[in-house]
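All of these numbers come straight from a predicted model, not from anything done at the bench. What's counted below: heavy atoms across the whole structure, side chains too, no hydrogens, waters or symmetry copies.
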Amino acid sequence: MSRPDFDLSVYLVTDTDQCGGADGVVETVRQAVDGGATLVQLRDHHLGDDDFVVLGRRLVDVLAGAGVPLLIDDRVHLVETIGAAGAHVGQSDTDVATARRIIGPDRLLGLSAQSPEHVRAAIAAGEDIVDYLGVGALHATGTKPEADDLGLRRLAEVIKVSPWPVCAIGGVKADDAADLARIHCDGMSVVSAICGQPDPRQAAADLLAAWTVATGRS
Ligand SMILES: Cc1ncc(COP(=O)(O)OP(=O)(O)O)c(N)n1
Ligand SMILES: Cc1ncsc1CCOP(=O)(O)O
Ligand SMILES: [Mg+2]
């Protein structure tokens, strides 16, 4: 088993509408990685599979030189076709054991978890199956209005029982870095803090700077 290295510090999850369309996604990713985004996920619930593959392949090309892995949201059956480094699945998506079977042993698999029970169920499936958890929403967010806002306390409860690194998602902004670092969170996953910002490069740089200060890493 040899999975790509990954860094959850500033994890950009794309939103095609917020980026102003597919070309905007490509440009946003290009600038965000230039600013310091460490991981990227293509997330689009509206595109058909064919268009999703075209966009995914464009992102793989953009990211190739930067050494930043691309994951895709939900559509585990397209990981290989796109040439993505892995996928992210939620509690209502393909279960993690099936997802792992489909993507194979050498790609990354992220899982959304909102509670310690979700973590325990994932551990029962096998610790080697999942690589990281995405936990949220930290704050209520217009990007995913149906997501419960867990707040820091419930996020910390998930982190305490997780054998995997955890990134927070949902309304995450640079201002959250100190709180997240304090509860030993491993990164900040963001949509609107980068997508649709007037300067995605600067937005990513600001997030990375806040994270670097908060974690004391350089
Ligand atoms: C890093 C990260 N964390 C959580 C999610 C949410 O995934 P999911 O619960 O499957 O919801 P959708 O994104 O599919 O609406 C994520 N995508 N990425
Ligand atoms: C995909 C997802 N899962 C939980 S909240 C969320 C959306 C995060 O978007 P934003 O960073 O704009 O709040
Ligand atoms: Mg999902």
*Check whether any side-chain heavy atom of V29 lies under 4.5 Å from a side-chain heavy atom of T14, and answer yes or no.*
yes
*Between H88 and D93, does a side chain to side chain donor-acceptor pair (under 3.5 Å) hold up when you go through it step by step?*
CA-CA 9 Å; H88 183 98; D93 300 320; over 6 Å; no
_Among V76, L108, L78, exactly one meets side-chain contact (heavy atoms from CB on, under 4.5 Å) together with I103. Which residue is that?_
V76
*Which pair of heavy atoms, one from V25 and one from T16, lies closest together, and at what distance?*
CG2-CA, 3.6 Å
_How close do A210 and A177 get, counting heavy atoms only, and between which atoms?_
O-CB, 3.6 Å
_Side-chain ion pair, E157 and R154, N-O less than 4.0 Å_ = no
*Same cluster for F6 and I82 if Ile/Leu/Val/Met/Phe/Trp/Tyr side chains link at under 4.5 Å?*
no
*Residues Y132, L71; criterion side chain to side chain contact (heavy atoms under 4.5 Å, CB included); working and verdict*: CA-CA 12 Å; Y132 75 87; L71 277 68; 3.6 Å; yes
*What heavy-atom pair brings L63 and L70 nearest, and what distance separates the two atoms?*
CD1-CB, 3.6 Å
*How about V26 and L59: do any of their side-chain heavy atoms sit closer than 4.5 Å?*
yes
*asked:* So does S2 get a backbone contact from the side chain of D106, meaning a donor-acceptor N/O pair under 3.5 Å?
replied: yes
*Linking I/L/V/M/F/W/Y whenever their side-chain heavy atoms sit closer than 4.5 Å, directly or via other members, would V191 and V68 fall into one cluster?*
no
*Would you find a donor on one side and an acceptor on the other, under 3.5 Å apart, between the side chain of D199 and the backbone of R201?*
yes
*To the nearest 0.5 angstrom, please state how far the CG atom of L42 sits from the CZ atom of R58.*
11.5 Å
*asked:* Looking at every non-hydrogen atom in both residues, tell me the closest pair between P200 and Q31 and how far apart they are.
replied: CD-OE1, 3.2 Å
*Validation row: I194, L207 side chains within 4.5 angstrom (heavy atoms)*: yes
*Considering only NZ, NE, NH1 and NH2 on the basic side and carboxylate oxygens on the acidic side, decide whether R107 and D131 come within less than 4.0 Å.*
no
*Min side-chain heavy-atom separation V119-P163 under 4.5 Å*: yes
*asked:* Test your reading of the model: is there a side-chain donor-acceptor pair from Q41 to the backbone of L12, 3.5 Å cut-off?
replied: no
_Hydrophobic cluster membership, with links at side-chain heavy-atom distances under 4.5 Å among I/L/V/M/F/W/Y: are V79 and L55 in one?_
yes
*Given the rule in the side chain to side chain contact (heavy atoms under 4.5 Å, CB included) test, do E80 and I102 qualify, once you have shown the distances and angles that lead to the verdict?*
CA-CA 9 Å; E80 190 171 350; I102 292 170; over 6 Å; no
*To the nearest 0.5 Å, what is the distance between CD (Q114) and CD (Q91)?*
6.0 Å
*asked:* Within the supplied structure, the quantity of interest is the number of heavy atoms (other residues, nucleotides, ligands) at a distance under 6.0 Å from H184 NE2; does it exceed 12?
replied: no
*Establish whether M188 and I159 are linked, either directly or via other cluster members, by ILVMFWY side-chain heavy-atom contacts under 4.5 Å.*
yes
*G171 versus T141, closest heavy-atom pair with distance*: N-CB, 3.8 Å
*What pair of heavy atoms forms the shortest contact from I123 to V161, and how long is it?*
CD1-O, 4.0 Å
*Would you call D176 and K173 a salt bridge, taking side-chain N to carboxylate O under 4.0 Å as the test?*
no
_Could you check whether any side-chain N or O of D186 sits under 3.5 Å from a backbone N or O of V166, counting only pairs where one atom can act as donor and the other as acceptor?_
yes
*Flag the pair V96 / L109 as yes when at least one side-chain heavy-atom distance between them is below 4.5 Å, and no otherwise.*
yes
_Under a 3.5 Å distance rule, please check whether T38 uses its side chain to pair with a backbone N or O of D7 as donor and acceptor._
yes
*For S162 and V158, indicate whether the former's side chain and the latter's backbone hold a donor-acceptor pair under 3.5 Å.*
no
*Nearest 0.5 Å please: distance from the CG atom of L138 over to the OG atom of S189.*
11.0 Å
*Without swapping roles, check the side chain of W164 against the backbone of E127 for a donor-acceptor pair under 3.5 Å.*
yes
*Quick one: does K160's side chain get under 4.5 Å of I183's, heavy atoms only?*
no
*Sidechain N-carboxylate O distance under 4.0 Å for E117, R120*: yes
*asked:* Strictly distance-based, threshold 3.5 Å: is any side-chain N or O of R100 a donor or acceptor partner for the main-chain N or O of I129?
replied: yes
*Are L180 and L150 co-members of a hydrophobic cluster defined by side-chain heavy atoms under 4.5 Å apart?*
yes
*Looking at side-chain heavy atoms only, is the closest gap between P69 and L39 below 4.5 Å?*
yes
_Any heavy-atom pair between the side chains of T28 and Q18 that's under 4.5 Å?_
no
_Distance (rounded to the nearest 0.5 Å) between K144 NZ and D149 CG_ = 13.5 Å
_Worked verdict on D74 versus H45 for side chain to side chain contact (heavy atoms under 4.5 Å, CB included)_ = CA-CA 9 Å; D74 295 349; H45 290 176; 3.5 Å; yes
*From H118 atom NE2 to L111 atom CG, the distance as rounded to the nearest 0.5 Å*: 8.5 Å
*Please check if the side chain of D44 supplies one atom and the backbone of H46 the other of a donor-acceptor pair under 3.5 Å.*
yes
*Can you list the steps and then say if Q197 with D206 is a side chain to side chain contact (heavy atoms under 4.5 Å, CB included)?*
CA-CA 12 Å; Q197 290 297 315; D206 290 346; over 6 Å; no
